[in-house]
Structure formats: structure tokens, C-alpha cells
Asker: 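Encoded as C-alpha cells, here's the structure I'll be asking about.
A, B, ... follow the sequence lines: proteins, then strands. Residue 1 opens every chain.
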Amino acid sequence: MSTLLAGIDFEAPSDEVARLLIGVTVLVDGVGGRIVETEAYDREDPASHAFSGPTARNASMFGPPAHTYVYRSYGIHWCLNFVCREAGHGAGVLIRAIEPLVGLDVMRARRGLEAATLLGSGPGRLCQALAITREHNAMSLAAPPFELVAREGDVDIVAGPRIGITKAMDVPWRFGLRGSPHLSKPFKVTKPA
DNA sequence: CATAGGATTCCCT
DNA sequence: GGGAATCCTATGA
């Protein structure tokens, strides 16, 4: 069994999907850009929302793969995840940063004048730029308003520890496009992942 | 450039 | 009641 989308099998382990997503273009209502930073979370992962089993908040993480899991962060921001593994497993990939490509003016307007340059460099920022809210939770990535475009050619990927967590801080499940100016934070490692 | 503190909602203990 | 997969602004070096 597999759930293929943009050349990626979303039933694969989350760290593999997180790696494959680097370079993939994501559009929401025709606005978006290229994914340059992701983080993997899994069921047996103390830093994951899925660690303590299904709850009202993380229910979609236990739903079918290649669907979204959108949650409220720090009471202010929205964060976008892509569900992976088989339905019921409870794994996902946090989309942490995109390189803005399509609909720049729309994204700038959504982000506001003060921060118009940081359109997608951070999970909260990219959700604001793409107008992601709770309404986008548990939606299929294979149907509108979502659209994934497979990456072309090879990408140079770096890995490192995940950001903003207090558990399992030694697990190197943050992935990024090497040298991208659109990363939320730089990677310390400069060798191939 | 680095650090610090506040904003604000929802879930879990 | 506490803490969270964050972001923005202000302040001081």
C-alpha cells in the first residue's frame, strides 16, 4: 500500500517524508512557494503531539496520510503539518519554512507592512502568508485548495535538532535546503545530511 | 547582533 | 492552572 503525491509516499516514516518534502512546492488557493524547511514527528516521540495518544486537538494526526494537521501554537499562530504513515499511526511533518514564489503581493498583504520581508520563514509566518487556519485542518493535500508540485532535480539537504521543543532535543529530525536564505534559523551543520 | 518579555488560546493534569 | 512544534518589538552592547 502507498499514498503517492508529488512523487512522495506519505505512508513512509515521517523523517523520510520530511526529507523528501524539501524542494516540493506547496500552493494554497494558488498562493505559496517551495518548501525549504521541515521537521518530523512520530508516535513514539516525546516531542510529538501524538505521543500521548489521540486527543481532540491531534485527531487529524491519526487520520489518513497526505492530509493536513493544523494546530494553534502559543495561542496566537497556526502551524501546518502533513500527516504520514498509515491512518491511525499518528505521525506528521511540520512545514517550517517556504521560499515564497507565487502570489507575493497577496502574502505580503496578509503578513502586514511591518514584516513584509519574512513571508514564509517560520511555521507561524507561512501559515499567515498562506491564510491557513483551523478550517484547513484534516484536509486532503490531493485536492483544492491544496496543490503539491514535485521537485525537479536533486536538492542539497542538511539536518539538525528540532526547534522550540523541550523533549528529545537530540533527535536530528529537522531538515533544510542547504544555504537557503528562507530558513527560519540557520543550520549549524554544513555537511550533507 | 543578542537577549528578553509579552501576546493569547486551547488542551491536559 | 500551567505550558505550548512561535513571533514581534524593544532594549542594550
Asker: Using a distance-only test with no angle check, is there a side-chain donor-acceptor pair under 3.5 angstrom linking A:Ser180 and A:Glu99?
Answerer: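 Short answer, no.
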Asker: Quick one: A:Lys185 NZ to B:dT3 P, roughly how many Å, whole number?
Answerer: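 The distance from NZ of A:Lys185 to P of B:dT3 comes to 11 Å, rounded to the nearest Å.
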Asker: So does A:Arg134 get a side-chain nitrogen or oxygen closer than 4.0 Å to the phosphate oxygens (OP1/OP2) of B:dC10?
Answerer: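 The answer is no; no side-chain N or O of A:Arg134 sits under 4.0 Å from OP1 or OP2.
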Asker: Grab the stems for DNA chain C, please: at least three consecutive Watson-Crick or wobble pairs, both distances below 3.5 Å, written as range with range.
Answerer: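 Counting only runs of 3 or more consecutive pairs, the stems involving DNA chain C are B:1-7 with C:6-12, B:9-12 with C:1-4.
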Asker: Within the 4.0 Å heavy-atom criterion, would you say A:Met61 contacts the bases, only the backbone, or no part of the nucleic acid?
Answerer: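 Base, at least one base heavy atom under 4.0 Å.
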Asker: Any side-chain N or O of A:Arg125 less than 4.0 Å from the OP1 or OP2 oxygen of C:dC8?
Answerer: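 Answer is yes, contact under 4.0 Å.
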Asker: If I pick the P atom on B:dT3 and the same atom on C:dA5, what distance separates them, to the nearest angstrom?
Answerer: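 These two P atoms come out 22 Å apart once rounded.
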Asker: Scan side-chain atoms only and decide if A:Gln128 and A:Arg111 contain a donor-acceptor pair under the 3.5 Å cut-off.
Answerer: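 A:Gln128 vs A:Arg111: donor-acceptor pair found between side chains.
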Asker: Give one of base, sugar-phosphate or nothing for A:Arg72, where a contact means two heavy atoms less than 4.0 Å apart.
Answerer: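 The residue A:Arg72 makes sugar-phosphate contact but no base contact.
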Asker: Report yes if a side-chain nitrogen or oxygen of A:His49 is closer than 4.0 Å to either non-bridging phosphate oxygen (OP1 or OP2) of C:dA5; otherwise report no.
Answerer: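 Yes, because at least one side-chain N or O of A:His49 sits under 4.0 Å from OP1 or OP2 of C:dA5.
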Asker: Quick one: do the A:Ser2 and A:Glu11 side chains pair a donor with an acceptor below 3.5 Å?
Answerer: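 Their side chains do not contain a donor-acceptor pair, so the 3.5 Å distance test is not met.
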Asker: Touch check for A:Asn81, heavy atoms < 4.0 angstrom, all strands: base, sugar-phosphate only, or nothing?
Answerer: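 Since a base atom lies under 4.0 Å of A:Asn81, the category is base.
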